[in-house]
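Data block below; observations after.
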Amino acid sequence: MTRFLRFALPLALALPLAAAAQQSPQITPNYKDADLGQVIEAVSQVTGKNFIVDPRVRAQVTMLSNTPMGPDAFYEAFLAILQVHGFVAVPSGSVIKILPDATARQLPANDLPDQISATSDQIVTQVIQVRNVSAAQLVPILRPLIPQYGHLAAYPSANMLIISDRAANVNRMMRIISRIDRSGDGDIEVIRLEHASATEIVRVVNSLSAAQGADASSSARIVADERTNSVLVGGEASQRLRFRTLIAHLDTPLETGGDTQVRYLRYADAEKLAAKLKEQALTGGPAQPGQAAAGGAADRAVTIWADPETNALVITAPPKTMRSLMDVIDRLDIRRAQVLIESMLVEVSRDASRDLGVNWVVDGSGDNFLVGLFNTPIAGTSIFDIAQGLDDPSGVTAAPGGLTIGGGRRKDTGTNFAAILRALSNDGDTNVVSMPSVVTLDNEEAQIKVAQEVPYKTGSFTTPVAGGTNGPNPFTTIERKEVGNILKITPQITDENTILLKIEQEASGISVAATAVAGDLVTNKRTITTRVLVDDGGMIVLGGLIEDRLTESEQRVPLLGRIPLLGNLFKVRNTQKTKTNLMVFIRPRVLRTAEQAAIETNAKYNYLRNQQLEQNGGKVKLMPGEARPTLPALIGPTAPSTAPAPPSQDVATEPEDPGA
């Protein structure tokens with residue numbers, strides 16, 4: 001048996017009783033399966049009251065509290081403990097008797113207890129003067145509302161009721177009797193409701209009458225008036241009294257206080273939720289296109305508005321509608337799970353090309369008469385391009401790659417000729433690992449974009465000047481396009497611990513080889529749009545491309561190009577082989593709690609911080625007194641003792657290039 005009792009002022013119990021009363025010590029009682037006798041002893045020490053305990057008073061009690069309370073509040077809590085376990089505290093002079101509540105009505109109590117709190121659990125006795133109805137008729141009607149240990153009796157000669165019970169229930173009975181004890185001698189009584197709905201009250205009362213099999217000839221008639229929220233009761237006087245008592249008991253305020261409530265939301269958006277609740281309350285549910293509203297009953301007494309500053313809803317509605325709305329809010333205002341989504345795009349490609357060929361030209365004997373010509377570009381360069389570069393070196397913007405061997409004769413007399421042999425070999429390897437990741441709420445679209453704004457030439461023109469000629473400076477227009485990794489995704493967590501993903505994945509980059517040949521920017525783009533189902537923490541391949549391409553071309557002079565060996569002087573050959581392996585993977589993980597989100601965040605945070613610390617030992621080259629900028633260390637209970645690298649980083653063999 002364990003007993004816990006914590007005091008805000010530990011020395012308060014050691015002080016004299018008078019000093020303790022002056023200081024009003026604040027205590028925080030906590031008991032778990034403690035003996036009731038020990039609790040009584042503690043209450044006596046704190047409050048200064050004297051107790052006499054009946055030998056039958058035995059129980060193991062539990063009381064948990066996190067809020068400090070004074071001696072009076074502690075005593076009220078003690079009375080509540082006694083009530084829960086079927087005991088009662090009865091004052092008797094300077095002492096208080098602790099007895100089983102079965103004998104409480106036979107013992108003295110506080111008569112006419114004006115000084116007792118209306119919510120107290122003390123046993124009190126109250127005498128009520130009834131003026132408009134018979135007190136004897138009220139006894140069988142009110143008796144079910146009194147517990148077994150309580151007492152309810154009528155004094156017919158004075159038309160009085162005597163009630164002995166706990167103060168809280170006696171106060172409730174007085175309110176009910178006050179509602180009943182009203183003049184109503186006519187055959188029809190109008191009962192105006194203050195808290196309940198007239199329609200709902202009539203439904204409940206009629207259901208009760210039908211269940212009891214009441215005779216229609218002797219039963220009272222009860223009708224609801226929705227406009228005034230009143231109940232009309234007709235029939236014999238005793239039956240009207242019975243229904244009036246029952247209606248007064250049902251027409252009680254809500255525990256939270258009235259028809260207007262302020263509900264502070266924790267996770268949902270008040271403005272968005274208010275619009276949906278208005279539709280629910282005013283139309284009975286969302287209507288389908290072209291159909292009437294579900295339920296067909298609009299409750300115009302309902303008002304709902306949102307307060308954005310406090311993210312709260314202010315709702316005014318009848319009790320039944322209020323309970324329905326609060327149930328909807330309870331189900332919608334919940335902590336939504338988050339999803340960490342890691343996308344992995346891996347591309348391994350190899351490009352190889354070979355160009356080999358001969359160009360030549362032969363003219364006449366000094367009269368520039370062209371005899372023969374074989375001019376085909378080899379790796380983008382022809383014999384005329386080289387000739388123009390020799391005549392005007394200023395026009396050469398870039399030297400041709402590969403091996404170029406040429407020769408010829410140029411004289412005023414005789415036959416002139418020129419010939420070049422070009423050979424070019426081009427090899428390229430690409431290994432790209434792009435790993436964008438994003439965290440989003442369940443059923444919320446997220447987008448992560450790691451890209452560059454690349455300028456693309458769209459056109460050019462010159463500005464006319466005086467005389468109708470074009471200006472010397474052309475004007476070029478460009479368009480900037482995003483090149484990089486773009487991930488747009490919407491996760492939906494199912495009941496089977498799986499995740500439905502709606503994915504739009506784009507990975508683009510500038511092709512270096514194609515750009516060099518075409519003279520302008522060429523973009524490689526890989527796009528996937530799909531919907532997949534993945535287990536929590538599992539990995540799935542979204543798609544990919546495995547391509548092995550071989551292109552061979554040959555240009556030659558007819559007939560001469562087919563001569564063995566000698567035919568190589570009359571042909572140009574090109575071979576290009578491309579092999580591409582591209583795969584896109586995705587791995588979602590559900591983060592249901594704040595701890596799971598903190599673990600993922602801390603792991604990636606510490607991984608980046610360790611990368612910073614490993615760069616030159618955290619020092620700045622050539623500046624011994626300067627420190628390298630570094631993320632601060634995590635401090636607090638959320639910081640793990642060790643920070644392993646994120647699992648997704650294990651496959652990254654090279655740094656990610658946003659433009660790759």
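Just so it is clear, the model here is predicted, and its values are computed rather than measured.
Side-chain atoms of Gln612 come within 3.5 Å of backbone atoms of Leu631 as a donor-acceptor pair (strictly under, hydrogens ignored). Listed for the Thr580 side chain is no donor-acceptor partner under 3.5 Å among the backbone atoms of Glu547. In this structure, Thr47 contributes its side chain and Val43 its backbone to a donor-acceptor pair below 3.5 Å. Between the side chain of Asp333 and the backbone N or O of Tyr267 there is at least one donor-acceptor pair closer than 3.5 Å.
In this structure, CD1 on Ile586 lies 8.0 Å from CE on Met344, to the nearest 0.5 angstrom. Separation of atoms CD (Glu504) and CD1 (Ile528) is listed at 12.0 Å; rounding is to 0.5 Å. For the atom pair Thr490 OG1 and Leu500 CG, the distance stands at 9.5 Å (nearest 0.5 Å). Rounding to the nearest 0.5 angstrom, the gap separating the CE atom in Met322 from the CD1 atom in Ile315 is 6.0 Å. Separating the CD1 atom in Ile540 from the CG atom in Leu542 is a distance of 7.0 Å, to the nearest 0.5 Å. Residue Ile329 holds its CD1 atom at 6.5 Å from CG of Leu265, rounded to the nearest 0.5 Å.
Heavy-atom contacts from other residues, nucleotides or ligands closer than 6.0 Å to CZ of Arg58 number 12 or fewer.
Under the 4.5 Å side-chain criterion, counting only non-hydrogen atoms from C-beta, Val328 is in contact with Leu277. The closest side-chain heavy-atom distance from Thr630 to Leu613 is below 4.5 Å. The closest side-chain heavy-atom distance from Met583 to Ile546 is below 4.5 Å.
Of all the heavy atoms in Ile448 and Ser437, the pair that sits closest is CD1-O, 3.0 Å. In this structure, Pro588 and Gly538 approach most closely via the heavy-atom pair CD-O, 3.4 Å. For the pair Pro29 and Met63, the tightest heavy-atom approach, listed with the atom from each and the gap, is CG-CE, 3.7 Å.
Under the side chain to side chain contact (heavy atoms under 4.5 Å, CB included) test applied with Val262, the options Asp307, Thr310, Val314 reduce to a single match, Val314. The only option from Asp535, Val590, Val532 that meets the side chain to side chain contact (heavy atoms under 4.5 Å, CB included) definition with Ile499 turns out to be Val590. For the side-chain hydrogen bond (donor to acceptor under 3.5 Å, both in side chains) test with Asp548, the passing option among Arg350, Lys577, Lys579 is Lys577; the others fail.
A side-chain donor-acceptor contact under 3.5 Å links Thr260 and Thr316.
Between Arg589 and Glu600 a salt bridge is recorded (basic side-chain N to carboxylate O distance below 4.0 Å). Using a cutoff of 4.0 Å between basic side-chain nitrogens and carboxylate oxygens, Arg354 and Asp427 are scored as salt-bridged. A salt bridge links Lys604 to Glu342: one of the charged nitrogens lies within less than 4.0 Å of a carboxylate oxygen. Comment: Glu506 does not engage Arg526 in a salt bridge, judged by the lack of any side-chain N to carboxylate O separation of less than 4.0 angstrom.
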Between Arg263 and Asp330, does the salt bridge (charged side-chain N to carboxylate O under 4.0 Å, His left out) criterion hold? Intermediate values first, please. CA-CA 10 Å; Arg263 176 66 180 265; Asp330 290 338; 2.5 Å; yes
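A centroid separation of less than 6.0 Å is found between the aromatic rings of Phe78 and Phe51.
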